[in-house]
Student: 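Here it is, the structure, as structure tokens.
Just so you know, these numbers use all the heavy atoms, side chains as well, and skip hydrogens, waters and symmetry mates. Proteins come first, then strands; the chains are lettered A, B, ... in the order of their sequence lines, and each starts at number 1.
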Amino acid sequence: MSSNTDYLLAIEDLTVSFDGFKAVDSLNLYLDQNELRVIIGPNGAGKTTVLDLICGKTRATSGSVKFKNREMLGMPEHSIVRSGIGRKFQTPSIYENLTVYENLEVSFPRGRGVFGALTFKTTTEVEQRIQSVAETTFLQDYLHTEGAFLSHGQKQWLEIGMLLMQEPELMMLDEPVAGMSPAEREQTAELLKRISADRSILVIEHDMEFVSRIAKKVTVLHLGKILAEGSMDEIHNNQMVQDVYLGH
Amino acid sequence: MMLAYTTSELTSIFTMQGFAGLSLFSVLLLMALGLAIIFGQMGVINMAHGEFMAAGAYTVYLCSTLTAKFAPAFQPYYFLFAIVAAFFVSGSLGLLVEWGLIRFLYKRPLDTLLATWGLSLIMQQTFRSTFGAREVTPTLPDWLMGSFKPTETIDIPINGVFVMGLTLFITAAVMFFTFKTRAGLRMRATVQNRMMSGAVGINTKVVDRLTFAIGCGIAGVAGAAFTTIGSTGPDSGSRYIVDTFLVVVFGGAASMLGTVASAFGIAQTQSISEFFLQGTMGKVTTLLAIVIILMIRPQGLFASKVRRA
Amino acid sequence: MKTLRSTLCYSTAALCALLVSGLPNISLIASESFPTAKVNTTGLAVTDTEVTVGQLHSATGTMAISETGSIQAEQLAIEQINAMGGVLGRKIKIIVEDGASDWPTFAEKAKKLLVNDKVAAVMGCWTSASRKAVLPVFEKENGMLYYPTFYEGLEQSKNVIYTGQEATQQIIAGLDWIAKEKKAKTFYLIGSDYIWPRTSSKIARKHIENVLKGTVVGEEFYALGHTQFGSLINKIKLKKPDVIYAIVVGGSNVSFYKQLKAAGITSDKQTLLTISVTEDEVLGIGGENLTGFYSAMKYFQSLDNPNNKKFVAAFKAKYGVKSVIGDVTQAAYLGPWLWKMAVEKAGSFDIDKVAAASPDIEFKEAPEGYVKLHNNHHLWSKLRIGQWATDGQAKVLYESGLIEPDPFPKGYQ
Amino acid sequence: MNTLQKRLFGSKEGLLGTLFLALILVVVLPLTLDIFRLNLMGKYLTYAFVAVGLVLLWGNAGVLSLGQGVFFGLGGYCMAMFLKLEASDPITTKIQSTPGIPDFMDWNQITALPAFWVPFKSFPFATLAILIVPAVIAYVVGAAMFKRRVGGVYFAVITQAIALIVSLGIDGNQGLTGGRNGITDLRTLLGWDIRTTFGQYTLYFTSVALLLGVIMLSRWVLSSKMGRILNAMSEKEDRVRFSGYDVSDFKIFIFCLAAMISGIGGAMFVLQVGFISPSLVGIVPSIEMVIFAAVGGKRSLLGAVYGTLLVNTGKSLFSETFPQLWLYAMGGLFILVVVLMPNGLAGLWDDYAKPWLHGAKKRLMERPPVDVGETKSNAPLAKII
């Protein structure tokens, strides 16, 4: 399985089983540079598990996950992050006790070691990055608000902002628009399009309307396997997909 | 050194040593069962668990004193009733504590630890004020003391057999309750998904309260059983608590089977190391072994395998 | 600060009468002949009518079990002394402090008693650890401690009077007796894991090996509070010693004897001699679990002499018929009396003078019989062997002559 | 305010708070208490070191250790070994069978100084050991546990077991450690008598100075990015991990730091009290120290000091007056603090005293309220006082 590819992310034969139950079963998935890919699938299809496997949260049973031709499996989470993969969780995971400013500052990719953290200084460069990310994620007016006081949608944005601070080459977003108002969804779609210009994005989403708005290529997962892959139209007309979603 | 003994003597010693290990195993298991239910099912760290045991032991002492005073003829049988009484005394105390303290602290496991530690201090002083600082022993029926003699050289202590039997019974009862009854089903459902259980009409508050009370009641039974092998003092409970926690943690918190296996492993290790090493160092060796194993395998012997949320 | 002044100084006439009837015959002294300025040159808490002493034991914590008896006996002695006119005509007032079974607390409270309260003497401590913790304080602040427990020896201080036995006084004569009576050659030594059992065990081993020409077939120590003796009992069965020599203390005691009995090791088959079981411990263990075993002590409640009869009667009158008196309780009772006699011999409360006057003081009315203070601040005392009966009392089978205290025994170190 | 000052003292309020504590410890207490009570305060302050360590570890990093007594004890034993060797010169100990070794070794028939005692003849070595030994043990335990992601309750129970093991181990090796009696009768430090009144004053002020130093060091740590990561970690460990931090490294660091601080406290304890014993190492002292921190407010460095002083003074006075009731009071305090005052004294201060003071000041000055934006920008630092 040591194929050298031009893909940013190459997942091959990825399998994980929990007590014999294969949540992800011999999965193959390839992601190009600057691609925005959406994964959809019914509940229990293994979508979140795939993200967990890529970012090291769950240990794979077998297979391979290559990022820029480097094997990620077996690496600790923080090393995977440092190689350029960022991950947003299903329920927004931000630090409620810290302000937006601090949330972003903590995510800045410097001073990540113990002694680095002790001597870290918030330079003008950091300040500027925080400012610009806050603007990108529509939070420039909330810099000194504590995370706990943000709306659900704003928390989602903040977490995306925290990923942006890390400048990852691959961003993995688990249901980024869950709990958002229609207006917020629209903004989020814009946001994703903008930030996908210079990085790859892997999105898990349920909201089909939102998916069709952002997706170029969609992968459908079912029972841990890929059911279909293609443009939104192709997927839409795929009989198997329809069966799965309608419960046949 | 061993050469000086006949084979039959050595066989006897190994038989008795095996029994000593089993006896310690039942003691540890009996201590840990109640805690395993409370910790495993509710996530509450009950540091006052030892004091609930002591409450059970004091109940037996009280029954013994009352029997001696009012119904001396009843003396050979009172002990069995005293055990039941111990269950209900400690259980009701448990109900009270859940209502007055624990229910404010769900989802704050470390805080339950500290608060119940405070509770244990208060209970200890209450014992001391009520029963005095000295250790007490109930007068046990004669049939409990002494030993079986299957051969000339083997002595099997009856109190050990009794504790073992009681442990077996309680373990079976707990297993039956958890896996075969409606109430047990509700308890398990509440552990798995509190919100969902509430939604399908299980009164999770009542389930919590009963779970805690049953755990405490079992501690009471354990305390009652221990009066056959040791004494009861105001701080007897605190002597047991660390061992008990290690048994539960070592077993893997959520697994009943793990608790049994871990009590067995720890008891055998300790009893063997005490046989070959000297006193204190046997205990230190055992504890050290447990901690080192826990460092290598922090989830305990039997971890429940579920996807981490 | 809890003072017992009201209860102690002004006790009812009836009680006084009872107490006085049980008193040793010591002549009354009027305070006028001893002006305060003369008897107290170092600023102790002594007035024309009153002298303050401290009492420092564990009222709470694990040691409260053992120390309660000492607390009671000391208070009884002080009450009796007050009833007969006090010390140098001054009534004794007690300040009670709780060491709470915690050694740093003992040190803290000792310092408080000496530095803040300026007490003229302290009756207190029980465990070796608590004594070791307060000893530097007493030496530094120049106080006087009356220490009641039989202990390991290896200590001697100007500032401490040891009213219990040091190890050789309790061990050697007892071993001699058991070796002679039971023709014992092999011994199994079992103790709790701290300095007194370890030192005692060491002395016992030397005596067994060098003097009695016997063998020690096993020697081990268990942590205080240990309750599972199954493996130990099997080892004993394997080794079949002539004598089990037990120095187990505290809560472990109860488990140890119950489990011995349950395993069929009883006095009809096995000789057991202990130096750590007194009437106090029997209360917890239950006489039925000890029947026929021997203890080596200097005092048993059942001692048949007039002094003891008076003492037991007074003790029971004050603390109830059910109360029992063990070796240490009796030794604690000696403390206040020995202090009173030293003060009156010196004609002063000053610590240095009391310490200097202490050697050779004789207390003929001691419940244990006659005792005399040695130059080394320990007591000459006898050793007795008692055999326990179901009722929790011991039958005294043997009594040695007066044994000279020797806290640093040659050949036993 | 310049940056270093900010990082050592926190906000203006933190600076005032530190000065106020210093005022109490350096001026008020020595002037109002006799040497006996002051020496007691000095003893309590040594516990405050542990409490400060717990504020870092538990309050800020969310890791509760029930074994901090071990580190206090290790620091204490390192100091006590040095002092004991100094006190055991051949002349003082000539009565022993082997003069020149500590008395308890002689009682246990040890005839030569055990190898691990030998380096403790050197004062620099002993001083270094006070810091290094607790840190090394903490590193071993911490690395083993945190790398495997043992946390929360499990960590608490395992550290408690370690406290039991260490205290049993000291108990069981009487000849090497002094056993249950501990190491007693310590007299001089480099020939200087630690038991005189002057000695005790000096040691008290040394403790105060060290404690204030430790508090400032802790605040410096907490005001760095480290502090924010620790807080973030205690709230959402996974998020921190997926921001590219090795969470276990940070936990190990703060565990070691807390251990080192506790060790200093242990060493100062030995100097002021004159002995050390396993009763300061086991489960009970370890958990009591947690309650000191909890009473003060587990996130407040200054609160830890006040909490420690308050609980211990209460314990001393209470046990002098009503020895029987002491456990009720202590137990009640545990429950009260945990259930009703999770932020301890510091929480009371923030919730009641501060708004009141603020209001009073406002009324006094009759000025419009302080600009909200400015308070906000100080917020991260204000939180760490």
Student: Given that the side chain runs from C-beta out, which part of Thr126(B) has a heavy atom under 4.5 Å from chain D: side chain, backbone, both or neither?
Tutor: both

Student: Evaluate the side-chain proximity of Ser316(D) to Tyr44(D): yes if any heavy-atom separation is below 4.5 Å, no if none is.
Tutor: yes

Student: Does Asp208(B) come within less than 4.0 Å of Lys205(B), counting only side-chain N to carboxylate O?
Tutor: no

Student: Where does Leu287(B) contact chain D at under 4.5 Å (heavy atoms): side chain, backbone, both or neither?
Tutor: both

Student: With respect to chain B, which residue among Ile162(D), Leu164(D), Ile287(D) yields the maximal number of heavy-atom pairs within a distance under 4.5 Å?
Tutor: Ile287(D)

Student: Is Val153(D) in contact with chain B via its backbone, its side chain, both, or neither, using a 4.5 Å heavy-atom distance?
Tutor: both

Student: How about Ile291(D) and Trp117(B): do any of their side-chain heavy atoms sit closer than 4.5 Å?
Tutor: no

Student: For Thr130(B) and Tyr58(B), test the side chains for any donor-to-acceptor distance below 3.5 angstrom and give the result as yes or no.
Tutor: no

Student: Mind telling me whether Phe250(D) and Tyr245(D) have parallel, tilted or perpendicular rings, with 30° and 60° as the class edges?
Tutor: perpendicular

Student: Does any heavy atom of chain B fall under 4.5 Å from the side chain of Val141(D), the backbone, both, or neither of them?
Tutor: both

Student: Using non-hydrogen atoms only, which part of Leu119(B) is less than 4.5 Å away from chain D: side chain, backbone, both, or neither?
Tutor: both

Student: With a 4.5 Å heavy-atom cut-off, do Phe131(B) and Leu62(B) have their side chains touching?
Tutor: yes

Student: Tell me, side chain or backbone of Met123(B) under 4.5 Å from chain D's heavy atoms, or both, or neither?
Tutor: neither

Student: Does a side-chain heavy-atom distance below 4.5 Å link Leu105(B) with Val44(B)?
Tutor: no

Student: Does any backbone or side-chain atom of Ile122(B) lie under 4.5 Å from a heavy atom of chain D? Answer side chain, backbone, both or neither.
Tutor: both

Student: Which answer fits Ala161(D), side chain, backbone, both or neither, if we ask what part of it has an atom under 4.5 Å from a heavy atom of chain B?
Tutor: both

Student: Would you mind checking which part of Asn173(D) comes under 4.5 Å of any heavy atom in chain B, side chain (CB onward), backbone (N, CA, C, O), both or neither?
Tutor: side chain

